Amino acid sequence: MARHFKKREARRLTFCVQTASLATFLFLLFSVAGPLAELWLPADIFLRLDPLAALLTPAASRQWVPTLAPGLALLLLTVAAGRFFCGWICPFGATLTLVRRLTKSFAPRLKKNAASRAGWRHIKYFALLTMLGAAALGVNDFYWGSPIPLITRFYALLLHPLLLLLGNFGLTVGQPLFAAFDWTGLSYLQVNLRRFDSLYFLLAFFGTLFLLEHIRPRFWCRYLCPAGALLALFAIRPLWRRRVAACTHCGRCVRDCPAGAIDPDTMETRHGECFVCRACVTACPERGVAFGRGSVVALSGRASSSPLPSRRVFLGATGMGMLLAGVQRSGAHSLLGADSQGWLLSAACIRPPGAVPESRFPALCLRCGECMKVCPANALQPAWLAAGPEGLFSPVLTPRRGPCEPGCNACGRVCPSQAIAALPLPEKQWAKVGTAVVLRERCLAWAEGRRCVVCQEVCPYGAVKILQQEGLAAPAPVVNAARCYGCGYCERHCPVRVPAIVVEPLNALRLNGGSYMEAGMSAGLSLKPQNREGAGAAPDQTRSLPEGELPPGFNE
Amino acid sequence: MQRRDFLKWQLAGIGMLGVNASMLTLAEKALADTGPDVAVVKGPPAAAARAAVNMLGGMSRFVKPGQKVVIKPNMSFAQGPETATNTHPEVVREVLVMCKEAGAARVRVLDNVLQDPELSMTRSGIRDSCDGVEPGVCHYLTDVSFYQEAELGEGREMRINAFMRDALDADVIIAVPVAKSHGSAGVSLSIKGQMGLIHDRRIMHSRYNLNTSIVDLATRVKPGLAIIDATRVLTTNGPSGPGKVIQPGEVIASADPVAADATAVSSYEWYGRKMQPRQVEHIRLAHERGLGNMNIEALTVRRIVL
């Protein structure tokens with residue numbers, strides 16, 4: 001009993017830090033939902049700390065990404081102090097621990113067989129090397145295993161909408177009650193429900209990991225996480241590491257270690273596997289375990305028993321990654337290394353404002369979902385195949401779901417890798433995302449000769465004009481491409497069930513740098529949102545009514 | 001049947017006039033008590049709104065103590081008052097104050113907004129001005145849970161739609177639109193403005209004839225009082241603008257929304273032209289279907305300047 005208590009006591013510190021880290025992560029993630037508060041921490045600090053993204057994004061995109069520097073700094077710290085990130089900071093690991101504890105009583109009792117698991121540790125190295133090989137050829141495959149973007153998507157795109165749904169249910173059920181008591185604050189509260197694409201992937205991915213937690217704690221972290229593998233390579237002999245002074249081979253540390261970092265046969269520490277969680281320090285009845293500066297003796301001591309895969313496996317995995325990259329580059333939809341001839345760009349591939357050119361976007365985008373989380377209109381959605389197979393889970397603007405608000409630049413402000421540039425509002429106003437196209441065979445005015453001005457009514461840019469056309473019973477909408485931003489208000493509000501006016505990524509401005517305003521002006525654009533505060537509406541008196549023509553909507 | 005009753009009443013009236021001249025003065029006196037059919041007041045927004053309602057006999061004529069009132073302004077556009085796409089916040093505020101003074105138990109200022117709801121609420125200035133009177137009365141309702149399916153018994157085309165529960169429950173609906181032109185309906189005034197009380201108004205464009213369904217809607221949620229804000233009028237490029245904004249500085253009020261709309265149509269220029277109420281199809285249809293009187297020549301319209 002006493003021993004049990006002591007154990008809990010000692011693990012409290014790690015647990016507290018881990019919980020605080022997860023709480024901070026969630027706070028930052030959800031505090032960016034509203035007006036972006038200027039916080040003392042960058043809202044995307046955890047994403048910037050992802051070591052895998054930090055190393056491979058510059059490699060794949062062939063450019064230095066300064067915002068991801070903290071992840072590289074973490075690699076250096078790992079040389080000094082081991083994989084403390086995995087044990088203390090990573091919100092992915094903390095989530096797995098939390099879920100394991102919450103679901104302990106429901107979980108199926110699975111047979112544990114430690115021996116068979118030894119080789120599984122190689123999987124994460126294999127994944128890492130494959131991703132490294134692909135990145136070397138300019139292809140981003142690491143989004144499949146980059147832990148912080150994945151866990152960000154789990155909370156922002158999967159869990160958050162579910163909680164909102166629950167909240168909305170509560171409000172709907174309680175509405176008669178609130179109305180009866182005249183609690184106007186509550187009775188008129190609307191939950192802005194969020195919907196996202198590709199949720200089945202997240203459900204399957206995290207559902208599997210949560211199940212695997214009951215086979216081995218931190219199954220993902222031990223066996224699969226490529227970022228963990230990267231940190232492990234930097235933590236083979238950390239300066240600050242586990243030291244064993246006295247050992248009776250009782251095996252308690254082996255049993256309590258959540259990382260499986262202690263070899264059950266030799267009692268040696270595989271430092272690369274160790275999360276520095278200090279569970280072994282308190283598990284040891286001899287008090288013989290401590291973390292501290294590794295001695296020179298140990299440095300020159302026996303060879304590491306860390307289960308690193310063989311050199312052949314390393315080379316093979318890298319080769320596999322290069323092969324994969326080659327296949328992806330040869331894909332019909334890939335824009336990598338292609339000239340602008342023969343590009344297959346889907347009409348649905350409308351990128352957020354300020355996104356870098358499409359040939360570079362999939363390499364830079366971490367697939368963290370921050371932009372989708374922050375988009376007030378729920379317009380940014382993770383793509384399935386809208387951006388080709390290489391653009392899986394990257395953000396696309398879906399105007400029918402919600403338009404791009406002229407007074408908002410949140411997506412660029414939260415993007416950790418600057419795949420979407422952080423543009424000040426006057427610049428963002430010029431970052432044209434596409435052009436609206438009237439589908440005349442569906443349009444009420446063009447096809448049926450009926451009066452409808454909804455697209456003109458909602459257009460914040462004054463780009464839709466309703467003009468009398470030769471041979472039509474009613475005036476019909478025409479889009480002025482130079483004034484159209486592609487915001488999609490028209491598509492969102494078109495009364496035709498399958499919209500008769502749609503935004504396509506035509507003439508979208510995509511720059512590697514420099515001023516969108518200058519580029520837009522020199523491209524002959526005239527983008528003036530008319531509902532921006534202070535901008536005021538410049539009365540459009542240019543069109544005087546021709547003699548004999550009635551004002552629109554009036555009859556003889 | 002109604003028309004026949006009306007004619008009978010008229011005949012009886014004429015008969016009485018012929019018989020007894022003293023009855024005439026009585027009738028005139030009765031007319032003077034309820035005020036004119038349409039009141040038009042030129043002045044500062046809030047004061048003009050109050051004076052116009054007072055000319056009709058004061059808010060207590062329309063709102064009885066303990067009643068539930070829905071005020072329907074235009075606040076669909078994320079634009080400031082100078083664009084004349086939303087009702088002037090001071091007009092809405094004054095109407096709210098008058099309803100409270102008349103003893104209304106519950107007043108709500110509601111619209112199903114079109115552009116970004118939060119931006120529309122803040123830029124129109126309406127929520128802030130209402131919060132100054134009673135916090136929590138002004139809301140945009142875009143979520144379907146605030147709406148309830150209801151039939152339009154007298155609808156010709158639109159026979160069902162989801163209405164704001166508050167609008168269905170209300171004892172009085174007061175339309176407080178801004179006067180503006182409208183590309184497909186000609187003008188957007190008190191009758192057209194009721195489209196902000198239903199959930200699916202797209203269907204009025206796509207499935208039904210817009211003008212017919214506007215009148216259908218008015219048969220179900222007819223404003224008991226129309227107060228048209230013509231302090232500024234968007235005379236071109238409505239309903240969203242930007243267009244030519246003139247500043248008549250007037251507020252038009254009437255118990256008959258068709259008469260109020262007709263007065264607004266004939267009082268101001270539209271694309272630089274003088275137009276007749278009958279040239280606006282939904283106003284003409286509303287008149288023909290007995291929802292009100294667009295023949296303002298036959299009505300008493302009293303104009304004052306503050």
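In what follows, every chain begins at residue 1, and chains take the letters A, B, ... in the order their sequences are listed. Nothing here was measured: the structure is a model prediction, and the numbers come from that model.
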| query | Side chains of Tyr208(B) and Asn161(B): donor-acceptor distance under 3.5 Å anywhere? | reply | no
| query | With chain B, which of Gln456(A), His493(A), Glu556(A), Arg497(A) has the greatest number of heavy-atom pairs at distances under 4.5 Å? | reply | His493(A)
| Are Thr85(B) and Gln79(B) close enough that a side-chain donor and a side-chain acceptor fall under 3.5 Å? | yes
| message | Could you tell me if the side chain of Ile191(B) sits less than 4.5 Å from the side chain of Val215(B), heavy atoms only? | response | no
| Hey, does the side chain of Arg194(A) reach the backbone of Met372(A) with a donor-acceptor pair shorter than 3.5 angstrom? | yes
| field | Any donor-acceptor N/O pair, Asp111(B) side chain to Asn74(B) backbone, under 3.5 Å | value | no
| task | For the residue pair Pro399(A) and Arg492(A), establish whether any side-chain heavy-atom pair is separated by less than 4.5 Å. | result | no
| task | Check each atom of Asn211(B) against the heavy atoms of chain A and say whether the ones under 4.5 Å are side chain, backbone, both or neither. | result | neither
| Atom group of Leu189(A) that falls short of 4.5 Å from chain B, counting heavy atoms | backbone
| Interface residue of largest heavy-atom contact number with chain A, from Arg106(B), His139(B), Glu118(B), under 4.5 Å | His139(B)
| field | Top of Ser184(B), Pro239(B), Ser240(B) for chain A proximity - count of heavy-atom pairs under 4.5 angstrom | value | Ser184(B)
| said: For the interface with chain B, which of Val496(A), Asn168(A), Leu444(A), Thr172(A) has the highest count of heavy-atom pairs at distances below 4.5 Å? | reply: Leu444(A)
| Just one of Tyr489(A), Tyr485(A), Trp430(A) clears the ring pair (Phe, Tyr, Trp, His ring centres under 6.0 Å) bar with Tyr461(A), so which one? | Tyr485(A)
| Of all of Pro135(B), Gly238(B), Ser145(B), Ser181(B), which one pairs up most often with chain A through heavy atoms under 4.5 Å apart? | Ser145(B)
| task | Name the member of Val187(B), Leu110(B), Asp143(B) that forms the most heavy-atom pairs with chain A at distances under 4.5 Å. | result | Asp143(B)
| field | Whether Arg450(A) side chain and Ser206(B) backbone form a donor-acceptor pair below 3.5 Å | value | yes
| Contact class of Phe77(B) relative to chain A, heavy atoms under 4.5 angstrom | side chain
| message | Is any side-chain heavy atom of Pro495(A) closer than 4.5 Å to one of Cys452(A)? | response | yes
| For Met294(B), does its backbone N or O pair with a side-chain atom of His287(B) as donor and acceptor, under 3.5 Å? | yes
| task | With a 4.5 Å heavy-atom cut-off (strictly below), which parts of residues 272-285 of chain B touch chain A? List them by number. | result | Arg273(B), Met275(B), Arg278(B), Gln279(B), Val280(B), Glu281(B)
| Which residue out of Arg165(B), Met204(B), Arg201(B), Arg207(B) racks up the most heavy-atom pairs below 4.5 Å with chain A? | Arg207(B)
| query | So do Pro177(B) and Ile228(B) actually touch side chain to side chain, heavy atoms under 4.5 Å? | reply | yes
